[in-house]
Amino acid sequence: MDISAARLRALRAALFTALCVTLSAGSHVLLSGTGLPLATVAVSAAAVFALAYALAGRERGFARIAALFVPLELASDALFSTGQESCYGTGGHAVPGALTALCGGGTVGGPFAPAPGPGTAAWLLLAAHVGVGLLAAAWLRLGEAALVRLLDALAGAALRRLLPALATATAGGRHRTAPVRAAGPARKAPALPLLVHSVVRRGPPPGPAPA
């Protein structure tokens with residue numbers, strides 16, 4: 001069954017967006033120890049959903065899911081860093097200015113102690129992001145394959161139920177009875193000639209044969 005229908009396509013894109021944005025935002029809050037502006041998270045989710053919906057026209061393999069998921073996760077992380085610096089500054093306090101409206105509306109996550117130490121290498125954080133992204137892409141691929149198998153099973157069950165009805169309708173169309181004509185007055189059989197069944201036998205007269 002085709003999984004590119006509008007509802008299934010939106011559902012798959014929403015699941016992709018929820019996993020991507022949640023992992024990126026959650027890891028960023030835990031690593032930075034600062035909450036994220038709600039508007040920044042909303043903008044990131046809208047952009048990821050639009051891109052995922054555009055590319056959800058057919059089933060995707062693990063390589064293509066990972067090639068989309070990992071860069072989007074890193075891009076969302078960069079966007080969250082920009083939002084934090086623009087809204088809260090380096091000290092974690094609100095910064096007044098042109099972005100006040102964008103920074104308003106609450107925050108995602110609360111103040112946490114940063115998980116890594118201040119000397120944590122950037123490549124280690126990048127490796128953590130990539131590893132989590134690959135695991136998430138594998139999980140999404142398994143879900144994609146399970147959805148396809150489920151839809152195929154439902155389509156097969158529906159087809160098996162329709163086959164007897166189709167066979168009956170086809171057989172009824174082929175074996176149609178001839179229309180019955182209206183009965184008219186009975187006709188008399190034509191009279192047979194008198195000598196139709198006569199048999200002619202010719203031969204010598206009975207008696208002794210002449211010497």
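This structure is a prediction, so every number in the text was calculated from the model and none was measured.
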Could you go step by step and tell me if F16 and L55 meet the side chain to side chain contact (heavy atoms under 4.5 Å, CB included) rule?
CA-CA 11 Å; F16 182 93; L55 298 177; over 6 Å; no
Evaluate side chain to side chain contact (heavy atoms under 4.5 Å, CB included) for V132 paired with S27, printing each intermediate quantity in order.
CA-CA 10 Å; V132 172; S27 61; over 6 Å; no
Are L126 and L74 close enough, and set up right, to give a side chain to side chain contact (heavy atoms under 4.5 Å, CB included), and what steps lead you there?
CA-CA 8 Å; L126 177 63; L74 296 176; 3.9 Å; yes
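Minimum heavy-atom separation, F62 to A138: CE1-N, 3.4 Å. The two residues S76 and S44 come nearest to each other via the heavy atoms OG-OG, 3.1 Å. Across all non-hydrogen atoms, the minimal contact from V41 to L36 is CG2-CB, 4.0 Å. Contact record, L51 with L68: CD2-CD1, 3.8 Å, taken as the closest heavy-atom pair. Nearest heavy atoms, A45 versus T17: O-CG2, 3.3 Å. For L134 against A66, the heavy-atom pair with the smallest separation is CD2-CB, 3.9 Å.
Both L38 and V48 sit in one connected hydrophobic cluster of ILVMFWY residues. Membership requires side-chain heavy atoms under 4.5 Å apart, directly or through other members. Cluster membership check: F80 does not share its hydrophobic cluster with F49, using side-chain heavy-atom separations under 4.5 Å among Ile, Leu, Val, Met, Phe, Trp and Tyr. Under a hydrophobic clustering in which Ile, Leu, Val, Met, Phe, Trp and Tyr are joined whenever their side-chain heavy atoms come within less than 4.5 Å, directly or via other members, L72 and W139 fall into the same cluster. Linking ILVMFWY residues whenever their side-chain heavy atoms come closer than 4.5 Å, directly or via other members, leaves L140 and Y53 in distinct clusters. Criterion: ILVMFWY side-chain heavy atoms under 4.5 Å apart, direct or through other members. Under it, L15 and I65 are part of a common hydrophobic cluster.
Distance alone, capped at 3.5 Å, is enough to place a donor-acceptor pair between the S24 side chain and the E73 backbone. Distance alone, capped at 3.5 Å, places no donor-acceptor pair between the R60 side chain and the R141 backbone.
Electrostatic pairing of R12 and E144 counts as a salt bridge here, judged by a charged N lying under 4.0 Å from a carboxylate O.
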